[in-house]
Amino acid sequence: MAFLKRFELPKDIQSAELIQYRLAQQLILEDKFKDEDEIRLVAGGDVAYEKDGQRLVAAVVVFDLKSFTVVEQVVCAGRVKFPYVPGFLSFREGPVLLAAIRKLKTEPDVFLFDGQGIAHPRRLGIASHLGVLLDRPAIGCAKSHLFGSYEEPGKEKGAFSFIRDRFGDAVGLVLRTKANTRPVFVSPGHRVSVAMAGRIVLRCVSRYRLSEPLRQAHIIARRAVMEPAD
DNA sequence: GCGACAG
DNA sequence: ATCTTGTCGC
C-alpha cells in the first residue's frame with residue numbers, strides 16, 4: 001500500500017502541536033460508504049513494547065467480516081523515537097504502524113487503531129493522524145477516555161452514549177461492546193461519521209470486549225515483540 | 001491552583 | 001504500554 005504524505009517527526013511538543021493543527025484541517029468526516037454492508041475488510045493496527053527496552057513492534061491485520069477471520073497480517077519492528085505524552089501518542093506509535101501498513105498487499109476498506117480519532121484536544125488522535133496521511137477511512141477505538149464529556153452507557157451490549165466537546169457537538173461514542181464490561185471509546189478517524197464508526201466497530205465484535213481486528217493485532221504484536229529478530 | 005491525562 | 005498471582009464471575 002502506497003501513500004502520498006510522509007510522517008513528520010517533531011523534536012518537541014510545541015512543533016508536534018503545530019503539526020496536529022495543520023493536519024486536522026485536512027480531516028473529512030463524511031462517510032465514504034453509505035451502508036456498512038459495503039464494508040468487508042477491516043484492518044486493525046496495534047503496537048507492543050519490549051518489556052524495558054527501546055524496541056517496539058507494530059502488527060496490522062486485515063480482518064474479513066464475511067468469514068470473520070484474519071486474511072492477512074504483517075509486523076514491523078522499530079525503535080522508540082518519541083516519549084509517551086497524553087495527546088501525542090501518534091508521534092510515538094505512528095511511524096512503526098505506517099511502516100507495517102506499507103507491507104500490506106490487501107487494501108482494507110477501513111482501518112481501526114488502538115486510540116482516539118477526533119475525540120482529541122486538537123481533533124487529531126492517532127486514528128485521525130494516520131487516516132489523513134493515508135487518506136483512507138479510519139476509526140479510533142480506545143480502551144479508555146482521553147477527551148470530551150459523556151454519560152455512562154447502559155450495561156447491555158450495544159448500549160452507547162455520545163462523547164461531546166465543549167460546544168456540545170458529538171465527537172464519538174462510549175460503546176458497550178460486551179455486557180457488564182467497561183465500554184470502549186469510539187471516534188471517527190477520517191472519512192467516516194460518528195454513527196458509521198460505531199456501527200462498524202460493533203460488527204467487528206463477537207464475544208470479547210475488543211473488536212476482533214484490534215484484539216488479533218494486539219496478540220500478534222506482543223507475540224512478535226517477545227521473539228529476538230524482526 | 002487542582003485534577004485529568006489514548007498507549 | 002509493562003511489571004505481576006490469584007481470583008471472582010459469566
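Hydrogens, waters and symmetry mates play no part in the numbers below; they use all other heavy atoms, side chains included. Note on naming: letters A, B, ... go to the chains in the order of the sequence lines (proteins, then strands), and numbering restarts at 1 for each one.
Residues A/Lys32 and A/Glu38 are not paired through a salt bridge, judged by the lack of any N-O separation under 4.0 Å between the basic side chain and the carboxylate.
Of all heavy-atom pairs between A/Leu112 and A/Leu214, the closest is O-CD2, 3.6 Å.
Protein chain A contacts DNA chain C over a range whose 5' and 3' limits, counting nucleotides with an atom under 4.0 angstrom from a non-hydrogen atom, are C/dA1 to C/dC3. Along DNA chain B, read 5' to 3', the first and last nucleotides having any atom under 4.0 Å from a heavy atom of chain A are B/dC5 to B/dG7.
For the pair A/Cys204 and A/Leu65, the minimum side-chain heavy-atom distance is below 4.5 Å. No side-chain heavy atom of A/His129 sits less than 4.5 Å from a side-chain heavy atom of A/Leu89.
Counted by atom type alone, A/Glu93 and A/Tyr84 present zero donor-acceptor pairs between their side chains at under 3.5 Å.
At least one donor-acceptor pair closer than 3.5 Å links the side chain of A/Asp109 to the backbone N or O of A/Leu41.
The aromatic rings of A/Phe162 and A/Phe160 lie perpendicular to each other, with more than 60° between the two planes, well past the 30° mark.
At the heavy-atom level, A/Arg222 lies under 4.0 Å from the strands shown only through sugar-phosphate atoms. In this structure, A/Phe82 reaches neither bases nor backbone, as no heavy-atom distance under 4.0 Å exists between it and the strands shown. Backbone-only contact: A/Tyr49 has heavy atoms under 4.0 Å from sugar-phosphate atoms and none from a base. Using a 4.0 Å heavy-atom cutoff across all strands shown, A/His145 reaches sugar-phosphate atoms only and no base atom. Contact annotation for A/Ile126: base contact, defined as any heavy-atom pair under 4.0 Å involving a base atom. Using a 4.0 Å heavy-atom cutoff across all strands shown, A/Gly87 reaches at least one base atom of the nucleic acid.
Atoms CD1 and CG, from A/Ile101 and A/Leu134 in turn, are 5.0 Å apart once rounded to the nearest 0.5 Å.
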